[in-house]
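Just so you know, these numbers use all the heavy atoms, side chains as well, and skip hydrogens, waters and symmetry mates. One is the number of the first residue; the rest follow in order along the sequence. Counting starts at 1 for both ligands and their atoms, in listed order.
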Amino acid sequence: MTEKPTLDQWATAAAKEVKGKDLNWETPEGITVKPLYTAEDVTVDPGLPGFAPFTRGVKASMYAGRPWTIRQYAGFSTAEESNAFYRRNLAAGQKGLSVAFDLATHRGYDSDHPRVLGDVGKAGVAIDSVEDMKILFDGIPLDQMSVSMTMNGAVIPILAFFIVAGEEQGVERKLLDGTIQNDILKEFMVRNTYIYPPEPSMRIISDIFGYTSREMPKFNSISISGYHMQEAGATQVQELAFTIADGIEYVKYGVASGLDIDKFAGRLSFFFAIGMNFFMEIAKLRAARVLWHRAMTKLGARDERSKMLRTHCQTSGVSLTEQDPYNNVMRTTIEAMAAMLGGTQSLHTNALDEAIALPTDFSARIARNTQIVIQEETGMCNVVDPLGGSYYVESLTQQLVDAAQEIIDRVGAEGGMAKAVGAGWPKAMIETAAAARQARVDRGEDVIVGVNKYRLANEDLLETLEVDNSKVREAQIARINRVKAERDEAQCQAALESLRQAAAGQQSIENNLLAHAVEAARARATLGEISSAMEDSFNRYGTVPTPVKGVYSKPYGHDSRWKQVLDGVQAVERRLGRKPKLLIAKMGQDGHDRGANVIASAFGDMGFDIVSGPLFQTPEETVVLALESGVDVVGASSLAAGHKTLIPELIKQLREKGRNDIKVIAGGVIPPQDYDFLRDAGVQGIYGPGSNVVECAADVLRLLGHNMPPAGLEEAA
Ligand code: MLC
Ligand code: 5AD
């Protein structure tokens, strides 16, 4: 009988093969992944699916019984166009709906508001009143189709419109099936579509818990989201920890508002991003279920359903590239597999044109079929939790549980997530991770195929979706005017007034904001009117970004190209008698600030004087800030398709002030088809996704009259 080899013998054999090279992998979350896992690494028995703590899944039969819901997030232009798009998708195999609203709607503005000129119908569908909502779901029975609505800021009017649209379709509230995102804490941290300050925002959430637990038993009252944290740069451990900690905070607020935990906790749901670290993502979903079960047990839940973490997932947007975009189909496939192997309940797969535009019919079809192929061609659904018992996956699951628990405990010790968000440290942690990631990508340490390795010399243009927002805006304004002309004005104003009073009063069943908003929605009050009735006592919230320092520069050390840029900044500084000054401008309702923050951090580290403009500026406000702070360059960051409206307006107004000398550059999600338009409007540099930040800086220095040698010639220079 031959003896079984020992682990030591394996280590010796492996070391010999690789000539002593270290095979451990340090992940960005600080987890050391070894090249081999064995039974010795599995310390916790994962149990069985359908049983506490649900490590292996929330259902006993999982996908063998019913596959996850193919739920593609979509919305653009008018309610009519989005409705038609939904119907085409449902006919082609999609199973659930998921509504993307435009940013005007998110931020509580009607389409006729002057602040939303560039935003109407652009990043999602414009919804101003219950009439729009009815068109959106025309021919889609709301008692049979589960509908997710991604809404956080203007959650009260949107949910009210949905309830009334159902009512007018003849669907009772108790039959409404779906999910509202309603997760404001992550808005303050990373997504930025808040309207009111944190405190009244938290009241809104518990009012929704109260209303839906009484009236809408099938409806998921929240989708506690880590997705946007990962998109903003969070590591998987941070995403996991802050999401569970957010959940704990919401439960505490719900209980404090007088609700019995088991009356609402069963309808809390979750939402995670699935990026390219395949096994880490699978383990993350398993760890999330363990952590939530543990947390809810501690909080006193008795019903197992209250402790069961059900989740939606979306493949990662930031992992996709503008360059060589068909590679995105493979990336999304890998991520979709991680989501299903992790046991998700519902999934959105991103389209291949993600990095530059909203999906077309073509790219949406490929994205949807990615899931259909997995469900219907591979046999992967027939076995429950097929990775259960994998030494690596079980060990990684436990490591993630432990690492996230540490952060969750820190949040707890510091008074909970609302406090932590107020103090700002979770956001700073995420931004630090984002800046570090950008440096690794720019330095080629983290490989992105087609971007920093195997880059194509020439790219084919991809046909993308374009929304004519001035047309959408005109159509919306016409409908708003019609709704206002046809409604019973006295009844509408009375409903708005009682909502206003409820907001001004103490939280109570009588003052439930959603109940009052439903009355106002029935009386045809608009989204902007309902929002501002509450804003009268809650106020509107705003913050100024604070970029992290010294993170981007850290790995560069004596890098010669980096040094050339630092020298260039100093040369300009000597010439000007002060540091070159750059305003990072965010105009319109686009709150995507990862790029802006990373650029602010990196350029700050290079020696630029940075003015980080507040979010949600009009072009006028940006011009005022630029002139007051005496900047040399304005960098407009645009990720929500407002670039063709807002940036030309900015340049026009700078010119009107006689300040042609101030350079305007643009970055973000800008289709190459629009480059000439922007250049004609006076934009002097355009930096899309995948741009190397050091090279952007070299370019900006050229604009400021300091000629840098081209990249790659640093040794000769
Ligand atoms: C499921 N069921 C089963 C079963 N599997 N029954 C028997 N055997 C099985 N194997 C039952 C469930 O219990 C449930 O019934 C019903 O089938 C539906 O299944 P589900 O698993 O609950 O799925 P679903 O309805 O799709 O709900 C998933 C969810 C929900 C709970 C995660 O919250 C959801 O759909 N979330 C989507 C969120 C979303 O799309 N967000 C987009 C964000 S985009 P019952 O009766 O028990 O309920 C974004 C981007 C941006 O945010 O803009 O920033
Ligand atoms: N339609 C389809 N997908 C969208 N996303 C955002 N808005 C829309 C929309 N209107 C997706 C993108 C993005 C993520 C947050 O959601 O993939 O990265």
Side-chain angles (χ1 to χ4, degrees), residues 49-50 57-77 82 85-86 89 95-103 105-106 121-126 145-152 177-183 186-187 190-193 217-232 266-273 305 308-320 328 332 335 343-360 363-364 367-368 381 384 465 467 591-592 594 639-641 669 689:
V58 295
K59 292 282 179 189
S61 64
M62 283 302 289
Y63 310 144
R66 178 192 181 277
W68 69 89
T69 310
I70 301 174
R71 191 184 297 283
Q72 296 297 83
Y73 182 52
F76 59 95
S77 175
S82 290
F85 190 73
Y86 296 161
N89 294 345
K95 296 293 181 196
L97 283 182
S98 177
V99 182
F101 298 96
D102 73 2
L103 288 163
T105 307
H106 271 288
K122 275 294 197 184
V125 58
M145 176 60 54
S146 73
V147 175
S148 167
M149 290 179 290
T150 295
M151 182 48 69
N152 303 278
D177 186 358
T179 303
I180 184 91
Q181 194 161 82
N182 193 27
D183 168 14
K186 65 93 173 55
E187 296 292 335
V190 288
R191 190 170 177 274
N192 297 319
T193 65
K218 290 181 70 181
F219 200 77
N220 300 298
S221 55
I222 193 166
S223 175
I224 305 158
S225 307
Y227 181 87
H228 313 88
M229 299 178 198
Q230 187 176 138
E231 288 291 281
R267 281 295 171 196
L268 307 179
S269 78
F270 285 80
F271 174 29
F272 289 99
R305 271 178 309 186
M308 183 190 281
L309 180 144
R310 298 165 307 131
T311 192
H312 173 73
C313 288
Q314 177 161 342
T315 57
S316 158
V318 277
S319 72
L320 303 188
N328 293 333
T332 299
E335 293 169 346
T344 192
Q345 276 55 65
S346 163
L347 178 64
H348 167 104
T349 29
N350 285 339
L352 64 97
D353 45 8
E354 161 79 21
I356 39 176
L358 293 189
T360 58
S363 67
R368 176 178 60 244
C381 294
V384 181
L465 180 83
V467 175
H592 299 84
R594 176 188 181 146
L639 288 94
V669 175

query: Where is the tightest heavy-atom contact between I222 and Q181, given as atom of each residue plus distance?
result: CG1-O, 3.3 Å

Quick check for students: name every N or O atom pair between ligand 2 and the protein closer than 3.5 Å, with distances.
from: ligand 2; atom 1: 3 (N); to: Y73; atom 2: O; distance (Å): 3.4
from: ligand 2; atom 1: 10 (N); to: G75; atom 2: O; distance (Å): 2.7
from: ligand 2; atom 1: 10 (N); to: A123; atom 2: O; distance (Å): 2.8
from: ligand 2; atom 1: 16 (O); to: Q314; atom 2: NE2; distance (Å): 2.9
from: ligand 2; atom 1: 17 (O); to: Q314; atom 2: NE2; distance (Å): 3.2
from: ligand 2; atom 1: 17 (O); to: N350; atom 2: OD1; distance (Å): 2.9
from: ligand 2; atom 1: 17 (O); to: E354; atom 2: OE1; distance (Å): 2.3
from: ligand 2; atom 1: 17 (O); to: E354; atom 2: OE2; distance (Å): 3.2
from: ligand 2; atom 1: 18 (O); to: E354; atom 2: OE2; distance (Å): 2.4

task: Examine distances only and state if a side-chain atom of R191 and a backbone atom of A232 form a donor-acceptor pair shorter than 3.5 Å.
output: no

- prompt: Is there a donor-acceptor contact under 3.5 Å from the side chain of R267 to the main chain of P217?
  reply: yes

Residue shell around ligand 1, heavy atom under 4.0 angstrom: K59, S61, M62, G65, R66, T69, R71, Y73, S98, S148, T150, T179, Q181, R191, N220, H228, R267, S269, F271, R310, T311, H312, Q314, Q345, S346

- request: Look at the side chain of D102 and the backbone N and O of G121, then say whether any donor-acceptor pair between them is shorter than 3.5 Å.
  value: yes

field: Side-chain heavy atoms of P359 within contact of L465, under 4.5 Å
entry: no

message: Please check this pair: side chain of D353 against backbone of I356, looking for a donor-acceptor N/O pair closer than 3.5 Å.
response: no

- line: When rounded to the nearest 0.5 Å, the distance separating CG of L97 from CZ of R71 is 7.5 Å

Validation row: S316, E335 side chains within 4.5 angstrom (heavy atoms): yes

- prompt: T311 and F272: which non-hydrogen atoms are nearest, and at how many Å?
  reply: OG1-CD1, 3.4 Å

